[in-house]
Amino acid sequence: MRLSRYFLPVLKETPAEAQIVSHRLMLRAGMIRQASAGIYSWLPLGFKVLRMLENIVHEEQQRAGHIPMLMPTLQSADLWRESGRYDDYGKEMLRITDRHGRDMLYGPTNEELITDIFRNSVGSYKELPKTLYHIQWKFRDEVRPRFGVMRGREFFMKDGYNFDIDKESALHAYNRHLVSYLRTYERMGLQAIPMRADTGPIGGDHSHEFLVLAKTGESEVFYDSAVTDLSLGDRNVDYDSVEQCQAIFDEFTTPYARTDETHDEALFNQVPEARRKSARGIEVGQIFYFGTKYSDAMGATVNGPDGKPVPVHMGSHGIGVSRLIGALIEANHDDNGIIWPEAVAPFKVGVVNLKQGGGDTDAACEQLYQGLSARGLDPLYDDRNERAGAKFATMDLIGCPWRITVGPRGLKNGVVELTSRRSGESEEMSIEAAIDRCGQIYAGKEAIFV
RNA sequence: CGGGGCGUGGCGCAGCCUGGUAGCGCGGCGGUUUUGGGUACCGUAGGUCGUAGGUUCGAAUCCUAUCGCCCCGACCA
């Protein structure tokens, strides 16, 4: 993309309403604009990141064998009356009446809808297990939306639902989700720690929240530092293997890690003192096994081998996709702006022309732009007639992980400068070498370019 | 939902107390400057002061209502 043709309304000054760094930077970098309290328009740069995250989530879900679909944002109240949640949900649910006086709602989640679809279409245990998911906008009429996309009223979320014949099978689905979520976050360049979560009225211990450690996190968390040393890495997981998923579940959930909701001081004190940590965290996902809660309430049964109907065991699992952008920025920024992990950078390489209108620099930038584009590296070429400082500042603000600087001084020696946003280190090399180097940096990450 | 605060050009703010018909910085636009970290200079456009009502000769300023937004606390991907 040539910056002169793009839509990137960056702000020099911070809008007064933004309190936390991710919100400020998203506004300043021209990623979002507020439409009303807790509701945002996604400008091109923000939308690009959102789609990238969405893509990663899709890929990892499908790798785990989960099936994508799409349910509507607006739902009929009838199903929610059937499950009993129409009254339980309270004011967080946005209720709407259509022209015929029918009660509708903007879905805060989709258990009812998916259960309805399931019960009308699946009748035999032979069709199980199944996990269906979608990535769709949700609306929860928060009392107090804040922190930009971190706690919006309208938010983009992946929610998935597993249907299994019994608890044992459903718990495998639970573990499988844990593994796929770990992988999803790691791929985005984030460390998200699974922490035991409150299961609410259903009880049991089968819910985990995934938290990204960040100073501005809303939850207080307590953990054994051993857990932050863990990583899934590039191990090849067979998602159908109960043993493998169970082993990873055990590996990641055995060290103490809890939010203030489930924190147990006595248990925590058993962790060696040097490894006892408390911090703040941002919740970016949650997995849940809830047994037959909805299948009982809504009559979602399948016939078992003996021909008798049995309620299916279900779980639901969510990833806050729009919130993840906030979490990513909270975890990756400095005073100058965002520092995107390479996998989720909206533009992989920035090209800065220090002398716009200079024949040599223009030609060199053009060569870089073509070369990087040909490799699928989605460069952002700042071809505006601006001072160097303004161009650098823009690239830093929007967080391009790599920047190639082209100036008359370097070109005289046949070199351009490749700079890492994260380390700030620069290296001079030829144009061809710069293109090659960028290609190497992003090798294996092509699939997620949008 | 309880407590607090704020609405003045695109953004950040001043003016309000002590009514006299709107100002600053940034940004925009047109030039000059061809520049190595948000450059400098010249010129220029842009605001029924959130909305409605009231007081007054006169309201951004005082009063009332209303809408919106933000912050602090209890709840949530």
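So you know, we letter chains A, B, ... as the sequences are listed, proteins then strands, and number each from 1.
Non-hydrogen atoms lying under 4.0 Å from RNA chain B are contributed by A:Gly320, A:Arg323, all within residues 314-333 of chain A.
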Can you give me every donor-acceptor pair (side chain of residues 401-415 of chain A, partner residue at least two apart or in another chain, under 3.5 Å) with its distance?
unit_1, atom_1, unit_2, atom_2, d
A:Trp402, NE1, A:Glu342, OE2, 2.8
A:Arg403, NE, A:Thr405, OG1, 3.1

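In this structure, B:U32 and B:A40 make a Watson-Crick or G-U wobble pair, each of the two defining distances being under 3.5 angstrom. Across every strand in view, B:G73 sits in a pair with B:C1 that passes the Watson-Crick or G-U test at under 3.5 angstrom. B:U56 is unpaired under the Watson-Crick or G-U wobble criterion, no partner having all donor-acceptor distances under 3.5 Å.
Counting only distance, with no hydrogens or angles, the side chain of A:Asp103 and the backbone of A:Leu105 share no donor-acceptor pair below 3.5 Å.
A 4.5 Å side-chain heavy-atom check between A:Arg95 and A:Tyr86 finds at least one atom pair inside the cut-off. A:Arg323 places none of its side-chain heavy atoms less than 4.5 Å from the side chain of A:Phe155.
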Each nucleotide of nucleotides 27-39 of chain B classed B (base within 4.0 Å of a protein heavy atom), S (only sugar-phosphate) or -, in 5' to 3' order, makes S------BBBBBB
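Aromatic ring centres of A:Tyr174 and A:Tyr289 lie farther apart than the 6.0 Å criterion allows.
A:Glu60 is linked by a side chain to side chain donor-acceptor pair (under 3.5 Å) to A:Arg63, A:Arg183, A:Arg187, counting only residues two or more places apart in sequence or in another chain. Listed by chain and residue number, nothing satisfies the side chain to side chain donor-acceptor pair (under 3.5 Å) test with A:Thr259 (two or more places apart in sequence, or in another chain).
No salt bridge links A:Arg85 with A:Asp88; every basic N to acidic carboxylate O contact stays at or beyond 4.0 Å.
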Short N/O separations, protein against nucleotides 1-4 of chain B, under 3.5 angstrom:
unit_1, atom_1, unit_2, atom_2, d
B:C1, OP1, A:Lys91, NZ, 2.8

